Asks: 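Below is a structure I'd like to ask you about.
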Protein chains: 2
Amino acid sequence: MAFHKKEEFTQKEQDLAAFAKAMSHPARISILKMLAQRNECICGEIVDVLPLAQSTVSQHLKELKNAGLISGTVEGPRSCYCINWKAFEKFNSEFNTLFNNLKIKNEKACC
Amino acid sequence: MAFHKKEEFTQKEQDLAAFAKAMSHPARISILKMLAQRNECICGEIVDVLPLAQSTVSQHLKELKNAGLISGTVEGPRSCYCINWKAFEKFNSEFNTLFNNLKIKNEKACC
DNA sequence: ATCTTATATCGCAAATATACGATGAATATG
DNA sequence: CATATTCATCGTATATTTGCGATATAAGAT
């Protein structure tokens with residue numbers, strides 16, 4: 001009974017939360033950073049850089065892919081990933097709508 | 001052995017991840033939205049709006065406070081919360097540095 | 001002083017996340 | 001064909017998160 005009440009919130013709230021969740025681990029931030037910098041797709045170089053086992057990195061990549069933040073294709077025996085910029089655009093616009101627009105009006109804090 | 005390897009990443013990566021984590025639940029997004037819209041501090045109105053028990057809401061508020069996204073003060077028997085805009089500014093600038101600046105250069109996707 | 005109201009905290013149960021090693025699948029390379 | 005390489009997935013252990021009810025706390029009202 002009564003766990004996982006996420007579906008009781010609006011779709012936008014859930015989407016924003018899902019995006020944030022995908023970024024809620026330093027390893028995944030680090031992966032995104034690498035992909036953003038190199039543009040060209042990368043595979044197991046990520047494993048070499050991160051202080052994590054290969055299987056763990058693979059799991060993080062899967063989560064990012066499921067959340068839609070990256071896309072990946074198989075290239076023979078290796079896998080190639082890159083950032084899905086559209087998802088970042090969407091997040092940015094929703095984030096700004098929610099917070100940054102309001103910020104301008106309500107700069108004065110109360111507590 | 002070998003859980004919680006978060007401290008092996010850079011401080012910026014950890015900070016960004018911590019901010020994202022604070023926003024990684026629709027209830028907390030919803031709370032932040034309310035606080036952003038009303039500017040003026042709010043207390044247990046949040047409990048009335050959210051589909052969650054009072055103790056659960058209190059816990060979410062505590063997490064947001066610990067992450068530095070909101071600040072709260074006790075006002076007699078009630079508590080008053082509001083958004084910490086500075087934290088959002090910091091997140092926004094780090095997020096943009098990491099992703100949006102690079103986006104302009106590397107619009108062409110590879111996979 | 002007692003009662004009410006508003007909120008925080010504690011203790012618990014269930015779900016989810018994090019991490020690893022082992023194994024599997026698929027393609028190269030010898 | 002046998003073997004190595006690259007990566008995904010499975011199984012498992014532990015940690016963390018989410019949620020609730022019960023209880024504690026603290027100020028205001030009666």
Side-chain angles (χ1 to χ4, degrees), chain A residues 1-9 13-14 17-31 34-35 41-67 69-82 111, chain B residues 1-9 13-14 17-31 34-35 41-67 69-82 111:
Chain A
M1 354 26 221
F3 297 174
H4 221 202
K5 288 208 157 183
K6 297 185 181 168
E7 52 304 318
E8 307 222 13
F9 295 89
E13 286 164 353
Q14 290 183 56
F19 190 96
K21 186 174 203 162
M23 298 209 313
S24 72
H25 193 287
R28 293 197 288 272
I29 295 281
S30 187
I31 290 172
M34 283 184 71
L35 293 178
C41 308
I42 311 193
C43 52
E45 299 168 291
I46 299 167
V47 176
D48 294 337
V49 173
L50 297 192
L52 295 170
Q54 177 266 321
S55 59
T56 308
V57 172
S58 203
Q59 234 176 308
H60 282 305
L61 284 166
K62 191 181 173 187
E63 276 177 77
L64 287 170
K65 200 174 170 183
N66 285 343
L69 302 214
I70 66 176
S71 51
T73 47
V74 185
E75 265 194 14
R78 42 199 92 205
S79 284
C80 162
Y81 289 98
C82 65
C111 51
Chain B
M1 355 26 179
F3 299 172
H4 223 201
K5 287 207 156 182
K6 297 185 181 167
E7 53 304 317
E8 307 223 11
F9 295 89
E13 285 164 354
Q14 290 184 55
F19 189 96
K21 185 174 202 162
M23 299 210 310
S24 73
H25 194 288
R28 293 197 287 272
I29 294 280
S30 188
I31 290 171
M34 284 184 70
L35 293 178
C41 308
I42 310 192
C43 51
E45 298 168 291
I46 298 167
V47 175
D48 295 337
V49 172
L50 297 193
L52 296 169
Q54 178 266 322
S55 60
T56 308
V57 172
S58 202
Q59 236 175 308
H60 282 305
L61 285 166
K62 192 182 172 188
E63 277 178 75
L64 287 169
K65 200 174 169 184
N66 285 343
L69 301 214
I70 66 176
S71 51
T73 46
V74 184
E75 265 195 12
R78 44 198 91 205
S79 283
C80 164
Y81 289 98
C82 64
C111 52

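Computed from a predicted model, the values in this text were never measured in an experiment. Letters A, B, ... are given to chains in the order of the sequence lines, protein chains preceding strands, and every chain is numbered from 1.
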Asks: So, does B/Arg28 get its side chain near the phosphate of D/dT18, meaning an N or O under 4.0 Å from OP1 or OP2?
Replies: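 The answer is yes; a side-chain N or O of B/Arg28 sits under 4.0 Å from OP1 or OP2.
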Asks: Pair A/Leu61, A/Tyr81 - check side chain to side chain contact (heavy atoms under 4.5 Å, CB included), show working.
Replies: CA-CA 9 Å; A/Leu61 284 166; A/Tyr81 289 98; 3.6 Å; yes
Asks: Please identify each residue that fulfils side chain to side chain contact (heavy atoms under 4.5 Å, CB included) with A/Pro77, with sequence neighbours left out.
Replies: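 Side chain to side chain contact (heavy atoms under 4.5 Å, CB included) check on A/Pro77 returns nothing, list empty.
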Asks: Minimum heavy-atom separation for B/Glu13 to A/Ile29, with atom names?
Replies: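 Nearest heavy atoms, B/Glu13 then A/Ile29: CG-CG2, 3.9 Å.
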Asks: With a 4.0 Å heavy-atom cut-off, tell me which residues in residues 42-51 of chain B come close to DNA chain C, sorted by residue number.
Replies: B/Cys43, B/Gly44
Asks: Without decimals, in angstroms, what is the distance between A/Lys6 NZ and D/dG19 P?
Replies: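 After rounding, the reported distance stands at 7 Å.
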Asks: Could you tell me the separation between the OG atom of A/Ser71 and the NZ atom of A/Lys65, rounded to the nearest 0.5 Å?
Replies: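 Between atom OG of A/Ser71 and atom NZ of A/Lys65 there are 8.0 Å.
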Asks: Does A/Tyr81 make a side-chain N or O approach to OP1 or OP2 of D/dT6 shorter than 4.0 Å?
Replies: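 Indeed not, no polar side-chain atom of A/Tyr81 lies that close.
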Asks: Find the distance B/Ile70:CD1 to C/dT7:P and express it as a whole number of Å.
Replies: 13 Å
Asks: For residues 46-57 of chain A, which residue pairs qualify under side chain to side chain donor-acceptor pair (under 3.5 Å), counting only residues two or more places apart or in two chains?
Replies: none
Asks: Consider the side chain of A/Leu52, meaning its heavy atoms from C-beta on, and name the nucleotide among D/dC20, C/dT7, C/dA19 that approaches it most closely.
Replies: C/dA19
Asks: Any residue in residues 54-61 of chain A with a heavy atom nearer than 4.0 angstrom to DNA chain C? Just list them by number, or reply none.
Replies: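 Nucleic-acid contacts, sorted: A/Ser55, A/Thr56, A/Gln59, A/His60.
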Asks: Can you find a heavy atom in the side chain of B/His60 that is under 4.5 Å from one in the side chain of B/Ile46?
Replies: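 B/His60 does not reach B/Ile46 side chain to side chain.
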Asks: Please pick, from C/dT7, D/dT6, D/dG19, the nucleotide with the shortest atom-to-atom distance to any side-chain atom of B/His25.
Replies: D/dG19
Asks: What is the distance from CD1 of A/Ile31 to C1' of D/dC7, rounded to the nearest Å?
Replies: 14 Å
Asks: To the nearest Å, give me how far apart NZ (A/Lys65) and P (D/dA8) are.
Replies: 8 Å
Asks: Report the distance from atom CG of B/Leu35 to atom CG of B/Leu64, rounding to the nearest 0.5 Å.
Replies: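 The CG atom of B/Leu35 sits 8.0 Å away from the CG atom of B/Leu64.
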Asks: Heavy atoms from C-beta onward define the side chain here; which of D/dG21, D/dA8, C/dC20 lies closest to that of A/Ser79?
Replies: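 Of the options given, the side chain of A/Ser79 lies nearest D/dA8.
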Asks: How many Å lie between NZ on A/Lys62 and P on C/dT18, as a whole number?
Replies: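 It is 14 Å, rounded to the nearest whole Å.
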Asks: How many angstroms lie between CZ in A/Arg28 and CG in A/Leu69, if you round to the nearest 0.5 Å?
Replies: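 Reported value, rounded in 0.5 Å steps: 9.5 Å.
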Asks: For residues 20-27 of chain A, which side-chain donor-acceptor pairs fall under 3.5 Å, sequence neighbours excluded?
Replies:
from: A/Ser24; atom 1: OG; to: A/Lys21; atom 2: O; distance (Å): 2.7
from: A/His25; atom 1: ND1; to: A/Ala27; atom 2: N; distance (Å): 3.0

Asks: Within the 4.0 Å heavy-atom criterion, would you say B/Lys21 contacts the bases, only the backbone, or no part of the nucleic acid?
Replies: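 Contact class for B/Lys21: sugar-phosphate only.
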Asks: Could you go over nucleotides 27-30 of chain D and give all protein N or O partners under 3.5 Å, atom names and distances?
Replies:
none

